[in-house]
Each structure stands twice: as structure tokens, then as C-alpha cells.
Amino acid sequence: MIEVKNLYLNYIKEYSALCNINLTVEDKQSIALVGNNESGKTSLIRCICGLENFNKGEIYLNKINLKNIDFKKDVNLIYLSNNPVFFNNKNVYYNLAYPLKLRNYSETLINQKINRALDYLGIEGLTERKVKTLTKEEKLIVNVARSILRDADIYLIDDIFSFDKATNEKLAKVFCDNYNKEASIIYNLDKSNEYLAKLLKVDNVINISHGAIEK
């Protein structure tokens with residue numbers, strides 16, 4: 001469950017990136033945040049992840065105040081960024097296996113999950129490639145593969161739909177078919193991709209503009 005209450009974020013004194021944001025995403029619920037570039041979508045996601053120090057308001061994940069959360073124990077969150085972080089000098093397999101090893105998955109299960117994800121996304125040929133040799137598009141698809149290796153309580157998907165129409169629609173199906181049905185999910189969508197909300201089967205579409213939720 002995600003709860004955002006009276007949230008304000010200012011990067012500079014004269015400019016509010018987020019202004020009085022109130023938002024609730026229940027368990028088993030998904031929403032689409034729709035807005036143009038610099039509307040505040042990514043800033044909101046980063047606040048929910050704990051990556052931005054907001055000026056005012058409260059955020060609760062699974063009913064625990066964000067300020068008190070231990071992300072290793074209290075909540076299982078997956079943040080799918082359009083600027084993913086990898087071990088660039090390691091290969092794709094290493095990067096996918098790393099978070100599973102931290103959670104004490106067996107080598108057999110890790111191998112099964114990674115092979116399934118790579119095959120499912122049609123990128124099995126990237127397994128031994130070092131991340132630094134991948135294109136931006138390939139890195140984004142590898143990041144999608146990483147997000148379906150394990151179940152989470154909360155998924156935050158930030159402007160990942162930057163491909164052609166067919167690939168974007170395929171990714172929407174990947175998310176619907178593989179993400180934990182019990183989870184709370186937020187998809188950030190550019191206005192040009194608003195049609196994907198239907199394919200993602202979201203429960204609610206929320207428009208955001210100039211850092212505020214449109215009424």
C-alpha cells in the first residue's frame with residue numbers, strides 16, 4: 001500500500017516540483033500517472049522511493065512512515081527507472097543474479113529465473129555481454145527482466161515506455177503477466193503513451209501537471 005499525504009517538493013525556493021500531492025494506492029491496485037515531461041511524475045516516484053528529500057508532507061509504504069522504513073526488512077519494492085543502475089563492467093547474467101543472491105536464492109533457482117526472463121523477453125543472446133557494451137534500449141529491456149525475477153509489494157515504473165508502439169505494448173503485457181497481483185503499482189506514462197493505461201489494466205488514471213494532480 002502506498003499513501004502520500006500533503007506532499008511538497010521544492011528543488012529551488014521559487015519552484016515547486018510537487019505541490020500538495022495526496023495519493024493512495026491500495027494493495028491489489030494499480031494506477032497510471034499521466035503527464036508531460038517535467039510534470040512531476042518522476043519527482044513523485046523518487047520521493048516514494050526515498051531518493052528525494054521532500055520539504056513537507058508524509059509518505060507511508062505498507063502503513064510505515066517512509067522516514068522509519070528499513071527497505072531490507074519492511075517493504076519489498078521494485079523501482080524500474082528509465083536510467084537504470086548496473087555493474088557496467090559485469091555481464092548481464094551477473095547483474096540479474098546479484099539481487100537474487102542477496103536474498104539467498106539457490107544457484108539453481110537463480111539460473112532458472114534468469115533463463116526464463118531472458119527467453120521471455122527475447123534477449124537470451126545478451127547473457128554474457130558486459131553491460132557497458134549494451135545500447136540504451138538493451139539496458140532498459142535488461143532492467144525489465146530484472147524487475148520480473150522476484151515478487152514485490154510495490155512496483156514503481158517510471159517512463160519506461162520509450163520504444164516503438166509494438167515494443168511498448170509487449171512490455172505492457174510483460175508487466176500485467178508477471179507482476180505480483182497482490183501488489184500496489186504505479187506506472188508513469190507520458191501523455192503520448194496514455195493509451196497504454198488500458199493495456200496495463202490500471203484501476204485509475206491520474207493526470208499530473210506542473211507538479212499538481214489535476215482535479
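Since the model is a prediction, treat every value here as computed from it, not as a measurement. Only this structure's heavy atoms are used, side chains among them; waters, hydrogens and symmetry mates stay out. In this chain, residues are counted from 1 in sequence order.
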Applying the 4.5 Å side-chain criterion to the ILVMFWY set and letting contacts propagate, would [X] and [Y] be lumped into a single cluster?
{"X": "L189", "Y": "I186", "answer": "no"}
{"X": "I154", "Y": "V202", "answer": "no"}
{"X": "Y120", "Y": "L100", "answer": "yes"}
{"X": "F71", "Y": "F54", "answer": "yes"}
{"X": "L199", "Y": "I31", "answer": "no"}

[X] versus [Y]: any side-chain heavy-atom pair under 4.5 Å?
{"X": "N111", "Y": "Y93", "value": "yes"}
{"X": "N82", "Y": "F161", "value": "no"}
{"X": "I59", "Y": "N65", "value": "no"}
{"X": "I148", "Y": "Y179", "value": "yes"}
{"X": "N37", "Y": "K191", "value": "no"}
{"X": "L156", "Y": "I78", "value": "no"}
{"X": "H210", "Y": "E38", "value": "no"}
{"X": "V144", "Y": "L171", "value": "yes"}

Would you say the side chains of [X] and [Y] form a donor-acceptor pair under 3.5 Å?
{"X": "R150", "Y": "N76", "answer": "yes"}
{"X": "N55", "Y": "N10", "answer": "no"}
{"X": "S81", "Y": "N83", "answer": "no"}

Exercise for the section: Determine, using ring centers only, whether F87 and Y94 are less than 6.0 Å apart. Expected result: yes
Is the backbone of [Y] close enough, under 3.5 Å, to the side chain of [X] for a donor and an acceptor to pair up by distance?
{"X": "D153", "Y": "A183", "answer": "no"}
{"X": "S184", "Y": "M1", "answer": "yes"}
{"X": "K181", "Y": "C176", "answer": "yes"}

If I compare all heavy atoms of [X] with all of [Y], which pair ends up nearest, and what's the gap?
{"X": "N207", "Y": "E194", "answer": "OD1-OE2, 4.2 Å"}
{"X": "N88", "Y": "K139", "answer": "OD1-NZ, 4.3 Å"}
{"X": "C19", "Y": "Y8", "answer": "SG-CE2, 3.7 Å"}
{"X": "Y11", "Y": "E52", "answer": "OH-OE2, 3.4 Å"}
{"X": "L77", "Y": "C49", "answer": "CD2-SG, 4.3 Å"}
{"X": "L66", "Y": "I48", "answer": "CD1-O, 3.7 Å"}

Could you tell me the separation between the [atom1] atom of [X] and the [atom2] atom of [Y], rounded to the nearest 0.5 Å?
{"X": "L126", "Y": "N91", "atom1": "CG", "atom2": "CG", "result": "10.5 Å"}
{"X": "L140", "Y": "T167", "atom1": "CG", "atom2": "OG1", "result": "11.5 Å"}
{"X": "L18", "Y": "S16", "atom1": "CG", "atom2": "OG", "result": "8.5 Å"}
{"X": "N180", "Y": "D151", "atom1": "CG", "atom2": "CG", "result": "4.5 Å"}
{"X": "I213", "Y": "L33", "atom1": "CD1", "atom2": "CG", "result": "7.0 Å"}

Pair [X] + [Y]: basic N to acidic O under 4.0 Å:
{"X": "K28", "Y": "E182", "answer": "yes"}
{"X": "K165", "Y": "E169", "answer": "yes"}
{"X": "R129", "Y": "E138", "answer": "yes"}
{"X": "D159", "Y": "K41", "answer": "yes"}

Counting only heavy atoms from other residues, nucleotides and ligands, does the tally under 6.0 Å from [atom1] of [X] exceed 12?
{"X": "K56", "atom1": "NZ", "answer": "no"}
{"X": "N53", "atom1": "CG", "answer": "no"}
{"X": "K130", "atom1": "NZ", "answer": "no"}

Exercise for the section: Report yes or no: is the cationic atom of R103 (NZ for Lys, CZ for Arg) under 6.0 Å from the centre of the six-membered ring of Y105, at an angle within 45° of the ring normal? Expected result: no
